[in-house]
2 protein chains.
Amino acid sequence: MTGPLIDVGAHAPDPQRLGAYFALMEAVSLLQHHIEQQLRAEGGLSSVQFQVLTRLAAAEGRLTMTALADGVVYSRSGLTYQAGLLEKAGLITRGPSPDDERATLVTITEKGVALVNGVLPGHIQVVQRLLFEPLSDGDLRRLGDVMTRVRDHMRAQPPRSAAPRKRRAGGSGSAS
Amino acid sequence: MTGPLIDVGAHAPDPQRLGAYFALMEAVSLLQHHIEQQLRAEGGLSSVQFQVLTRLAAAEGRLTMTALADGVVYSRSGLTYQAGLLEKAGLITRGPSPDDERATLVTITEKGVALVNGVLPGHIQVVQRLLFEPLSDGDLRRLGDVMTRVRDHMRAQPPRSAAPRKRRAGGSGSAS
DNA sequence: CGGTTGCGTTTCGAATTCGAAGCACCTTAC
DNA sequence: GTAAGGTGCTTCGAATTCGAAACGCAACCG
């Protein structure tokens with residue numbers, strides 16, 4: 001009777017499944033922390049900044065703020081802040097969209113590409129050492145397959161821009 | 001000629017591996033976001049607070065601040081802040097350690113346990129819907145196996161409390 | 001056309017986060 | 001026994017984060 005213990009048994013769908021879930025989250029947390037260290041030390045970049053830059057480079061073109069924020073799983077306002085920093089550092093450029101006057105298109109600069117390429121080897125090294133090392137090729141293939149499926153499943157859900165902007169005004173009608 | 005493209009090819013150990021890595025990180029980011037929403041909505045808890053409470057409940061006893069911080073992969077000072085909030089909310093208790101006068105032992109209260117048990121069903125539901133749903137039992141078993149291995153591999157690395165506190169004074173000597 | 005609703009972005013204020021520095025206690029060496 | 005160094009925790013200041021509100025422009029209705 002020392003005391004309180006959590007009542008997991010009642011809700012747990014399966015201890016094995018929960019174990020997988022916990023191990024997954026814990027491992028990724030650890031990996032993220034190490035990556036953060038490496039990026040900061042080698043390129044003065046935060047994890048988010050790095051992701052923004054790589055996504056821009058991969059898109060090889062312009063992306064709107066919202067697309068970028070949804071891609072990186074980040075708040076829109078947070079992205080505005082980071083974009084400000086990156087622009088001030090000369091790594092990206094912001095400009096208006098020809099199609100949509102209210103949209104902002106973001107582009108990565110040569111300097112940005114150079115920085116990413118400079119940090120990338122070290123980044124990959126960390127991932128290699130911490131994540132790939134203890135896994136076989138088959139493990140990795142299956143892991144990629146499974147996580148891709150999960151990611152697509154989650155992407156099907158409404159993206160981060162889902163929050164209702166204005167409370168349902170009064171009630172029913174509003175029809176006019 | 002539009003422009004700059006990232007030079008991944010030169011560093012990439014294998015496109016398939018990188019794909020696994022990216023899918024993994026992206027999926028977990030999405031999952032974390034949804035979990036954050038659910039915890040906040042249903043129990044007024046942040047993800048970290050929830051992890052702290054569940055870890056305490058699982059330990060079924062007292063844990064030191066450092067052990068807790070390392071377990072949750074969090075900064076020590078951040079944990080102090082969160083512990084303050086949780087204590088003020090009456091969910092945990094902090095007290096001195098009998099063995100080590102400088103250590104602080106943290107305990108979860110009945111109220112804390114109750115709150116965790118209240119939020120847990122919804123939490124599990126989210127995980128079920130987003131993570132387990134698209135996976136077969138075999139997928140999950142392998143995923144758990146693989147991620148457990150990875151986690152243990154990373155845990156072997158020096159924990160977060162590794163940062164040298166004071167710069168290495170002289171360097172060589174020390175052989176006494 | 002004028003009005004209304006909806007979307008893309010930024011601004012704003014409050015809360016959270018981190019590392020470095022500070023303080024107190026333990027441990028070891030002499 | 002005491003000085004020197006190491007460890008556990010908190011305080012401090014600065015940077016980052018988020019959601020809500022604000023500000024235009026776009027799209028759709030009559």
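Keep in mind it's a predicted model, so treat the numbers as computed, not measured. Throughout, protein chains are lettered first and strands after them, A, B, ... in sequence-line order, and every chain is numbered starting at 1.
Met65(B) places its CE atom 13 Å from the P atom of dC18(C), with the value rounded to the nearest Å. Straight-line distance from the CG atom of Leu105(B) to the C1' atom of dC9(D): 12 Å, rounded to whole Å. Residue Gln32(A) contributes atom CD, which lies 16 Å from atom C1' of dT16(D) at whole-angstrom precision. In this structure, Glu36(B) places its CD atom 11 Å from P of dT16(C), rounding to the nearest Å. Atom NZ in Lys88(B) sits roughly 15 Å away from atom C1' in dT10(D) (whole-Å rounding). Between Arg76(A) atom CZ and dT16(D) atom C1' the separation is 19 Å, expressed in whole Å.
Checking dT10(D), dT17(C), dT7(D) against the side-chain heavy atoms of Tyr74(B) singles out dT17(C) as nearest. Nearest to the side chain of Tyr81(A), among dA15(D), dT7(D), dT11(D), sits dA15(D). Across dC25(C), dG8(D), dT10(C), the shortest atom-to-atom separation from the side chain of Glu101(B) is found for dC25(C). Counting only heavy atoms from C-beta on, Ser77(A) has its side chain closest to dC12(C) among dC12(C), dC9(D), dT17(D). Across dA26(D), dT11(C), dG8(D), the shortest atom-to-atom separation from the side chain of Thr80(A) is found for dT11(C). For Val48(B), whose side chain is taken as the heavy atoms from C-beta onward, the closest listed nucleotide among dT9(C), dT17(C), dC9(D) is dT17(C). Across dT10(C), dC25(C), dA26(D), the shortest atom-to-atom separation from the side chain of Arg102(A) is found for dA26(D).
When the nearest nucleotides of DNA chain C are assigned to Arg40(B) and Leu63(A) by heavy-atom distance, the more 5′-ward of the two goes with Leu63(A). Taking for each of Asp100(A) and Leu79(A) the nucleotide of DNA chain D with the nearest heavy atom, the 5'-most of the two is the partner of Leu79(A). The residue among Asp99(A) and Gln82(A) whose nearest nucleotide of DNA chain D lies closer to the 5′ end is Gln82(A).
Leu68(B) comes within 4.0 angstrom of nothing in the nucleic acid, heavy atoms only. Residue contacts for Ser46(A): at a heavy-atom cut-off of 4.0 Å it reaches no nucleic acid atom on any strand shown. Residue contacts for Leu85(A): at a heavy-atom cut-off of 4.0 Å it reaches the sugar-phosphate backbone alone, with no base atom in range. Heavy atoms of Gln49(B) sit nowhere under 4.0 angstrom from any nucleic acid atom. Looking at heavy-atom distances under 4.0 Å, Thr64(A) makes contact with sugar-phosphate atoms alone, never a base.
The phosphate of dG19(D) has OP1 or OP2 within less than 4.0 Å of a side-chain N or O from Gln37(B).
Within the 4.5 Å cutoff, the side chain of Val150(B) has heavy atoms near those of the Leu131(A) side chain. Considering only heavy atoms from C-beta on, Thr54(B) stays 4.5 Å or farther from Phe22(A) through its side chain. Within the 4.5 Å cutoff, the side chain of His123(B) has no heavy atoms near those of the Glu42(B) side chain.
Annotation for Gly112(B) and Ile108(B): closest pair C-CD1, 3.8 Å, computed over non-hydrogen atoms. Counting all heavy atoms, side chain and backbone alike, Ala83(B) lies closest to Arg94(B) at CB-NH1, 3.9 Å.
Around CZ of Arg62(A), the count of heavy atoms belonging to other residues, nucleotides or ligands within 6.0 Å does not exceed 12.
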